[in-house]
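Each residue takes its place number in the sequence, starting with 1. Quick caveat, the model's predicted, so the values are computed rather than measured.
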Amino acid sequence: MINLDFRDSRPVYEQICEKLKGLIVSGVIKSGDKIMSVRDMASSLTINPNTILKAYKELEQEGYIYSVQGKGYFVSEKSFAASNARIDEIIEGVTKSLSELCFLGIKKSEAEKIIEKIWEGEN
């Protein structure tokens, strides 16, 4: 499910966060689903459990997952999935990307089509 690139300059926990966010956002892992335990994930990726725990804590802080004492980690409902700070961060990134597309000559109608595709879940 998750493949790590040990040649990547980013820390392993950041790669895990990115991969899990991608699975959650794309709907592969749905709201309410239980994700692998820290121990199972560490075993499957052959890395230290503390690295997995750090990734899970980061995802929990960002609102993508939540923990239930003694039961594990679960995917949050969409409406609770992001803090305002994270939303602002994402908007900033989208704004930069759209500005660059504008600079490169993409038409407004093309950008609107891309946004509509994403909103409809067709990405």
Side-chain angles (χ1 to χ4, degrees):
M1 190 183 290
I2 294 179
N3 294 316
L4 299 175
D5 181 1
F6 293 102
R7 293 173 292 170
D8 192 327
S9 62
R10 293 174 302 149
V12 173
Y13 85 93
E14 284 183 11
Q15 292 182 52
I16 294 167
C17 287
E18 179 186 303
K19 303 284 184 178
L20 284 173
K21 282 180 195 177
L23 293 170
I24 292 167
V25 170
S26 67
V28 173
I29 305 174
K30 298 179 180 4
S31 297
D33 285 356
K34 186 178 188 305
I35 60 175
M36 289 177 80
S37 70
V38 171
R39 184 179 295 154
D40 289 345
M41 179 74 79
S43 176
S44 75
L45 296 174
T46 61
I47 59 175
N48 190 310
N50 289 329
T51 303
I52 304 298
L53 187 59
K54 185 172 184 178
Y56 282 11
K57 291 296 180 187
E58 176 90 13
L59 289 168
E60 188 172 24
Q61 185 177 359
E62 291 180 8
Y64 286 93
I65 64 174
Y66 64 94
S67 62
V68 175
Q69 186 76 27
K71 295 196 186 272
Y73 289 89
F74 298 85
V75 177
S76 298
E77 296 294 322
K78 282 185 181 181
S79 60
F80 299 110
S83 66
N84 288 336
R86 180 67 181 140
I87 290 170
D88 291 343
E89 186 180 313
I90 293 169
I91 289 172
E92 184 179 325
V94 169
T95 302
K96 285 180 184 178
S97 295
L98 286 173
S99 296
E100 187 172 352
L101 286 172
C102 183
F103 175 79
L104 294 172
I106 191 172
K107 294 178 182 158
K108 181 180 176 184
S109 61
E110 291 177 65
E112 288 172 343
K113 286 179 187 175
I114 293 167
I115 292 169
E116 283 299 318
K117 258 184 158 177
I118 293 168
W119 232 257
E120 293 169 4
E122 297 178 9
N123 37 342

Seminar exercise, completed: Looking only at heavy atoms, the pair that brings Lys34 and Lys71 closest together is CE-O, 2.8 Å

Exercise. Can you tell me how far CD of Glu18 sits from CG of Leu4, rounded to the nearest 0.5 angstrom?
Worked result: 10.5 Å

Problem set entry | Side chain to side chain, Val38 and Tyr73, heavy atoms closer than 4.5 Å | yes

Problem set entry | Donor-acceptor contact below 3.5 Å, side chain Glu58 vs main chain Cys17 | no

Problem set entry | Ser76 (side chain) donor-acceptor with Gly63 (main chain) under 3.5 angstrom | yes

Problem set entry | Point-to-point distance, once rounded to the nearest 0.5 Å, from CZ of Phe74 to OH of Tyr66 | 6.0 Å

For this session: Report the C-alpha distance between Glu100 and Lys96 in whole Å, list the side-chain angles of each, state the deciding distance to 0.1 Å, and finish with yes or no for salt bridge (Lys or Arg N to Asp or Glu O under 4.0 Å).
Result: CA-CA 6 Å; Glu100 187 172 352; Lys96 285 180 184 178; over 6 Å; no

For this session: Evaluate side chain to side chain contact (heavy atoms under 4.5 Å, CB included) for Ile24 paired with Ile35, printing each intermediate quantity in order.
Result: CA-CA 10 Å; Ile24 292 167; Ile35 60 175; 5.7 Å; no

For this session: State the CG-NZ distance between Leu45 and Lys19, to the nearest 0.5 angstrom.
Result: 10.5 Å

Exercise. Does the side chain to side chain contact (heavy atoms under 4.5 Å, CB included) test come out yes or no for Asn48 and Val12, once each step is laid out?
Worked result: CA-CA 10 Å; Asn48 190 310; Val12 173; over 6 Å; no

Exercise. Tell me, do Lys57 and Leu53 make a side-chain contact under 4.5 Å, heavy atoms counted?
Worked result: yes

For this session: State yes or no: do Tyr13 and Tyr56 share one hydrophobic cluster built from I, L, V, M, F, W and Y residues joined by side-chain heavy-atom distances below 4.5 Å, directly or via other members?
Result: no

Exercise. If you round to the nearest 0.5 Å, how far is OH of Tyr64 from CG of Leu20?
Worked result: 11.5 Å

Exercise. Looking at Ser67 and Glu60, what are the two nearest heavy atoms and their distance?
Worked result: OG-OE2, 2.9 Å

Exercise. Take atom CZ in Phe103; do more than 12 heavy atoms of anything else shown fall under 6.0 Å from it?
Worked result: no

Seminar exercise, completed: Distance col, row Ile118:CD1 vs Lys113:NZ, nearest 0.5 angstrom, shows 14.5 Å

Exercise. Any donor-acceptor pair under 3.5 Å linking the side chain of Thr46 with the backbone of Ser43?
Worked result: no

Exercise. For the side chain of Ser99 and the backbone of Thr95, is there at least one donor-acceptor N/O pair under 3.5 Å apart?
Worked result: yes

For this session: Check whether any side-chain heavy atom of Glu112 sits under 4.5 Å from a side-chain heavy atom of Ile115, and report yes or no.
Result: no

Exercise. Would you say the side chain of Glu120 lies within less than 4.5 Å of the side chain of Glu116, judging by non-hydrogen atoms?
Worked result: yes

Exercise. When rounded to the nearest 0.5 angstrom, what is the spacing between CD1 in Ile65 and NZ in Lys21?
Worked result: 11.0 Å

For this session: Report yes or no: do Met41 and Phe6 belong to one cluster of Ile/Leu/Val/Met/Phe/Trp/Tyr joined by side chain heavy-atom distances under 4.5 Å?
Result: yes

Problem set entry | Polar side-chain atom of Ser97 near backbone of Gly93 as donor-acceptor pair, under 3.5 Å | yes

Problem set entry | Under 3.5 Å: donor-acceptor pair, side chain of Asp8, backbone of Asp5 | no

